[in-house]
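Reviewing the structure listed below.
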2 protein chains.
Amino acid sequence: MSMSSSWEGDAFDPECPTRVVLDRVGDKWTVLIIGVLDEGPKRFSEIRVAIGGITPKVLTSTLRSLVTDGLVTREVFGEVPPRVEYALTELGRSLQGPVAALRRWAELNVAAISASRDRQADAGTLRSS
Amino acid sequence: MSMSSSWEGDAFDPECPTRVVLDRVGDKWTVLIIGVLDEGPKRFSEIRVAIGGITPKVLTSTLRSLVTDGLVTREVFGEVPPRVEYALTELGRSLQGPVAALRRWAELNVAAISASRDRQADAGTLRSS
DNA sequence: CAGTATCCTTGAGGATACTG
DNA sequence: CAGTATCCTCAAGGATACTG
């Protein structure tokens, strides 16, 4: 079907699958994995150490989802020891911009947010005096 | 401390609070709420209907988090019936760009992703023949 | 190396009903 | 109108150990 790529979703429609896409993209690890793969194809372990704090089980399942969604490819090389490489598809690369912006924003504003949280915590504490 | 706003996080450091920020931003409703509030201050119910599919309890808690993080303000007007308005702070507005890009990406690519998922499902089915 | 296999906890989020 | 109050579930994700 040549028309399939022209359809657009509406994130504000509860029935629209765009919500699901947003959920996947916004999950705990996707942003990081996409970021790592932007450097080029990477092996399972490379991704693992680059990210840090992710267990193999979770990395596997997240990677699987990304492959299912067509954002990442998985290529197995028939070697010993085994070698598997993950790489961004074109669709995955197109997500790179938005996701990098988000990551960047988080890095730039983490201090302001932490400060705000601390302030709120203080306010809560002070209410008792 | 005048230096506090110049500190930058590193999303790839497991110890960095940037991870937490990313989690909050990437949660199921934040992207939508920020989007609605971009149009200007909104009342609780306005946000509710604009988004659709969110229960009052969840909206309340998400809004609270956004206020705590300094992304949104909550203003109560001493009226009857009660009136409460939520609005983006400057920090919240600065998140608008990245978040809109992400929402836009999701809307544009939801079709491609759905197609990829269906294809994978087919492949799984066909394996048994 | 690249995963699997288990077990388990936690809390996000939903359903529903009620209130100042 | 703008929330609270309860109850509930379900699955994401973590800890740990094992394998082709």
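On a predicted model such as this, the values are computed, not experimentally measured, just so you know. Below, read A as the first sequence line, B as the second, and so on, with proteins coming before strands; counting in each chain starts at 1.
Heavy atoms only, all atoms of each residue included: P14(A) and G53(B) are closest at CG-N, 4.3 Å.
Distance L59(A) CG to dG13(D) P: 12 Å, rounded to the nearest Å. Distance, E85(B) CD to dG3(D) P: 12 Å, rounded to whole Å. Atom-to-atom, CG of D23(A) to C1' of dG13(C) comes out at 11 Å; the value is rounded to the nearest Å. Rounding to whole angstrom units, CZ of residue R24(A) and C1' of dA12(D) are separated by 11 Å.
Atom CZ in R103(B) sits 7.5 Å away from atom CG in L32(B) (nearest 0.5 Å). Here the CG atom belonging to N109(A) is positioned 9.5 Å from the CD atom belonging to E8(B), to the nearest 0.5 angstrom.
I54(A) is not connected to V49(A) by any chain of hydrophobic side-chain contacts under 4.5 Å among Ile, Leu, Val, Met, Phe, Trp and Tyr, and they are in different clusters. Both V76(A) and F44(A) are assigned to one and the same hydrophobic cluster, defined by single-linkage of ILVMFWY side chains at heavy-atom distances under 4.5 Å. Neither V20(B) nor L91(B) shares a network with the other; the hydrophobic side chains, linked directly or stepwise wherever heavy atoms of I, L, V, M, F, W or Y lie under 4.5 Å apart, form separate groups for each. A continuous path of ILVMFWY side-chain contacts below 4.5 Å connects V31(A) to V36(A), so both sit in one hydrophobic cluster.
Sorted by first and then second residue, the pairs that involve residues 62-83 of chain B and meet side chain to side chain donor-acceptor pair (under 3.5 Å), not counting sequence neighbours, are R117(A)-D69(B), R24(B)-D69(B), R74(B)-Y86(B), E79(B)-R83(B), R83(B)-E85(B). Sorted pairs that involve residues 11-21 of chain B and meet side chain to side chain donor-acceptor pair (under 3.5 Å), not counting sequence neighbours, are lacking altogether.
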Practice task
For side-chain contact (heavy atoms from CB on, under 4.5 Å), just list the numbers for W29(A) and L59(A), CA-CA rounded to whole Å, side-chain angles, deciding distance to a tenth of an Å, and then say yes or no.
Solution key: CA-CA 8 Å; W29(A) 303 107; L59(A) 180 54; over 6 Å; no
Exercise for the section: Begin from the C-alpha positions of I47(B) and R43(B) and carry the test side-chain contact (heavy atoms from CB on, under 4.5 Å) through to its verdict. Expected result: CA-CA 6 Å; I47(B) 301 173; R43(B) 310 176 63 159; over 6 Å; no
Handout entry: Chi angles and distances behind the salt bridge (Lys or Arg N to Asp or Glu O under 4.0 Å) call for R104(A), E107(A)
Key = CA-CA 5 Å; R104(A) 191 83 192 113; E107(A) 292 176 344; 3.4 Å; yes
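Heavy-atom distances under 4.0 Å link DNA chain C to no residue of residues 63-79 of chain B. The stretch residues 30-51 of chain A comes close to DNA chain C through R43(A), F44(A), S45(A), each having a heavy atom under 4.0 Å from the strand.
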Fill in the blank from the handout: Symbol by symbol from the 5' end, with Watson-Crick or G-U pairs under 3.5 Å, [ ] crossing and | another strand, DNA chain C is ||||||||||||||||||||
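Proximity of a side-chain donor or acceptor of D27(A) to a complementary backbone N or O of T30(A) within less than 3.5 Å is detected.
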Problem - Footprint string (nucleotides 14-20 of chain C, 5' to 3'): B base within contact, S backbone only, - free, heavy atoms under 4.0 Å - result: BB----B
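Dashed line: the shortest gap from a side-chain N or O of Y86(A) to OP1 or OP2 of dC1(C) is not under 4.0 Å.
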